[in-house]
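In listed order, ligands and their atoms are each counted from 1.
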Amino acid sequence: MHGLMMETPLLVSSLIKHAALNHGEREVISRTTEGKIHRTNYSEVEKRAKQLANALVRIDIKSGDRVGTLAWNGYRHLELYYALSGMGAVLHTLNPRLFPEQLAYIINHAEDQYLFVDTTFVSLAEGLSQHLETVRGFVVMADESEMPDNNLPNTVSYEALISEESSDYSWPTIDENAASSMCYTSGTTGNPKGVVYSHRSTVLHSMTACQADVMGISCLDAIMPVVPMFHVNAWGIPYAAALSGAKLVLPGPRMDGPALHELIESEGVTITAGVPTVWLMLLAYLDETGGTLETLERVVAGGSAVPRSMIKKFEEKYEVRMIHAWGMTEVSPLGTVGTFKPYMCDLSADERYDVQEKQGKILPGVEMKVVDDKGTALPRDGQSVGNLKVRGPWVCRTYFKNEGTDAFDSDGWFDTGDVSTLDQHGFMHIVDRTKDVIKSGGEWISSIMLENIAVDHPAIAEACVVNIPHPKWDERPLLLVVRADEIYIDRETLLEHYADKVAKWWVPDDVVFVEDLPHTGTGKLLKSDIRSAYKDHFSSNKTEE
Ligand code: ADP
């Protein structure tokens, strides 16, 4: 027997339609690439997205066509999110921090038809343009008067493209399983792979993100995604904000402490989200200036492990709750979010921080298991360490053009490449990436845990632990650190700092002090480069300072 409810498809257009109709006056604030603050609202965003959809039809963008964006978090990018998906085309956000060769590969692989670029990325696009095989033209996301000189072929300004268009456009009813957007993995191993989100997965992910036990976004919130709109759709916030009618604050290219603080205070931001590095910069700025956070209630952080010292500082000094989340491009991205469970409310602050250091509890809709090397599920005891597998309605089932099939099991699980534990409360704790864990004498050492201990020392600004071949133990941990400015620390003192925190055989074998550490286009430590630069460190028995 079939249910007798309407089979209304779950479409991205329904989100902006709802926001425009029921929260039309709710503001969307952007810091533009020129530095000005631009104010609009959901009703205007939908109106201009419809003008843009008419323009896209005019330039012959058809259902299923991919259109690339090289843009910061701003209102025009938001309009593209809704116009492209809404009309049945596919929004393809490109990470401008990738190497140009990787970007050209990704654009050609996705077969993008047009590129929309912020003024700051015009020269990047110029460098790429001769390598692009499918791109028919460029749209510079600016007013006619702000158009930079450029030598891009077939180029128009965004405002000239849409200005003559009518806002009379009806969002078409399409299949909810049709592609709405796509995003490539950063390609830390092999070529980047395309993850293609559907309307259905996007809407379900947005609904879940808004739940009280997830990000808890409501129409009373002002939300500021610092995570870029080119990084897994800013963790789904542009959709979740419209769905809930929350005020949306888009920081543009300025992700530094002063700029973020100014926006938080002037726009009354209650919730924000981004990677830990951004929050380090904000905290450093607040420490320096004695600034406060008057309206901010919650900071969602993920992408890499959030250090305990950061969770503690936000809570104890600024009365802001830091919520640790885990996700990946293949998971839309949210898989776990560390909002509280009842038992946590009775814990001491220190015991509670132990839980908050974990990556969070499994979202409804998502299933997770940790398995040993034979694929057998391990107990959920918070101790058993294994490979993390995940499945659910917003988890990728295959990569674009069917690449990288090894990551997908025949029984429908996706292998995340993370090594973790699960506990009886549903909290997941990342121990490491499979390729980064240190296999010493048949036992595993977590590089993340060793890095967290190092950065919890005030003399350390950033730390990286890599697995380096060792003649006796197979691999041993090597610690690379960037010193913080204020305090000096030497090798012995730093290694002593580990003494009461980990087993003796976990303590790194050596420390290398460096000026800076290499990062990937998504801000993660580029451990593959570091590993190859130091691959002989233990075999040649080198020690530095
Ligand atoms: P890529 O997989 O290409 O590096 P993603 O942005 O999709 O790019 O990164 C996902 C990975 O980031 C996860 O598999 C995990 O290793 C790491 N990650 C994400 N969130 C966290 C977190 N809160 N703590 C530790 N690692 C995290």
Side-chain angles (χ1 to χ4, degrees), residues 93-95 97-99 102 106 182-197 205 215 227-236 273-279 299-308 310-311 322-339 355-363 366 368 370 385 387-390 394-396 399-400 403-404 407 414-421 427-437 446-452 455 463-465 518-529:
T93 54
L94 294 156
N95 182 349
R97 295 175 182 148
L98 296 178
F99 297 116
Q102 269 185 324
I106 290 172
M182 70 188 299
C183 193
Y184 278 68
T185 61
S186 56
T188 40
T189 50
N191 272 331
K193 292 186 271 302
V195 176
V196 183
Y197 309 106
H205 181 266
M215 288 206 259
V227 49
M229 287 166 77
F230 53 76
H231 196 186
V232 213
N233 296 331
W235 300 350
V275 294
T277 331
V278 164
W279 308 126
V299 176
V300 181
S304 57
V306 180
R308 184 190 189 92
M310 187 181 281
I311 301 172
M322 183 136 229
I323 301 169
H324 198 170
W326 171 92
M328 54 197 311
T329 309
E330 292 87 336
V331 191
S332 295
L334 294 176
T336 62
V337 175
T339 40
V355 186
Q356 286 177 268
E357 255 188 292
K358 297 189 175 195
Q359 274 64 19
K361 58 183 166 35
I362 302 172
L363 261 54
V366 172
M368 284 187 177
V370 285
V385 176
N387 301 315
L388 177 67
K389 299 213 174 190
V390 55
W394 52 87
V395 178
C396 174
Y399 291 113
F400 188 46
E403 289 172 358
F414 168 67
D415 189 342
T416 61
D418 283 337
V419 175
S420 70
T421 64
F427 275 85
M428 188 270 285
H429 193 189
I430 298 257
V431 172
D432 228 321
R433 295 287 283 169
T434 318
K435 58 185 185 299
D436 297 335
V437 74
S446 159
S447 68
I448 293 187
M449 209 180 280
L450 296 182
E451 285 160 7
N452 281 345
V455 294
C464 173
V465 172
H519 293 89
T520 65
T522 52
K524 295 186 176 137
L525 287 164
L526 196 51
K527 292 199 176 182
S528 50
D529 276 18

State, with a plain yes or no, whether a side-chain heavy atom of Val366 is found less than 4.5 Å away from one of Trp394. yes
Residue selection (non-hydrogen contact nearest atom 20 (N) of ligand 1) among Gly303, Ala301, Ser420: Gly303
Which heavy atom of Val465 sits nearest to which heavy atom of Lys527, and what is that distance? O-NZ, 3.2 Å
Ligand-residue contact atoms, ligand 1 with Met328, heavy atoms, under 4.0 Å: 7 (O), 10 (C), 14 (O)
Any idea which part of Asp418 is under 4.0 Å from ligand 1, heavy-atom wise: side chain, backbone, both or neither? side chain
Sub-4.0 Å heavy-atom approach of Gly327 to ligand 1: yes
As an exercise, identify every atom of ligand 1 less than 4.0 angstrom from a heavy atom of Ala325. 20 (N), 22 (C), 23 (N)
Logged contact type for Arg433 with ligand 1, heavy-atom cut-off 4.0 Å, is side chain
Checking His324 side chain against Lys358 main chain: does a donor-acceptor pair fall under 3.5 Å? yes
Interatomic distance, Gln359 atom CD to His429 atom NE2 [nearest 0.5 angstrom]: 5.5 Å
Quick note on ligand 1: atoms under 4.0 Å from a heavy atom of His231 include exactly 6 (O)
Does Thr93 reach the side chain of Met229, with side-chain heavy atoms less than 4.5 Å apart? no
Mind checking the CE-OG1 spacing from Met428 to Thr336? Nearest 0.5 Å is all I need. 4.0 Å
Atoms of ligand 1 close to His324 [distance to a heavy atom under 4.0 angstrom, numbered from 1]: 22 (C), 23 (N), 24 (N)
Atoms of ligand 1, numbered as shown, that sit under 4.0 Å from any heavy atom of Gln359: 22 (C), 23 (N), 24 (N), 25 (C)
Indicate yes or no: does Arg308 engage Glu357 in a salt bridge with an N to O separation below 4.0 Å. yes
With heavy atoms of Lys524 as the reference, note each atom of ligand 1 found under 4.0 Å away. 4 (O), 5 (P), 6 (O), 8 (O), 9 (O), 10 (C), 11 (C), 12 (O)
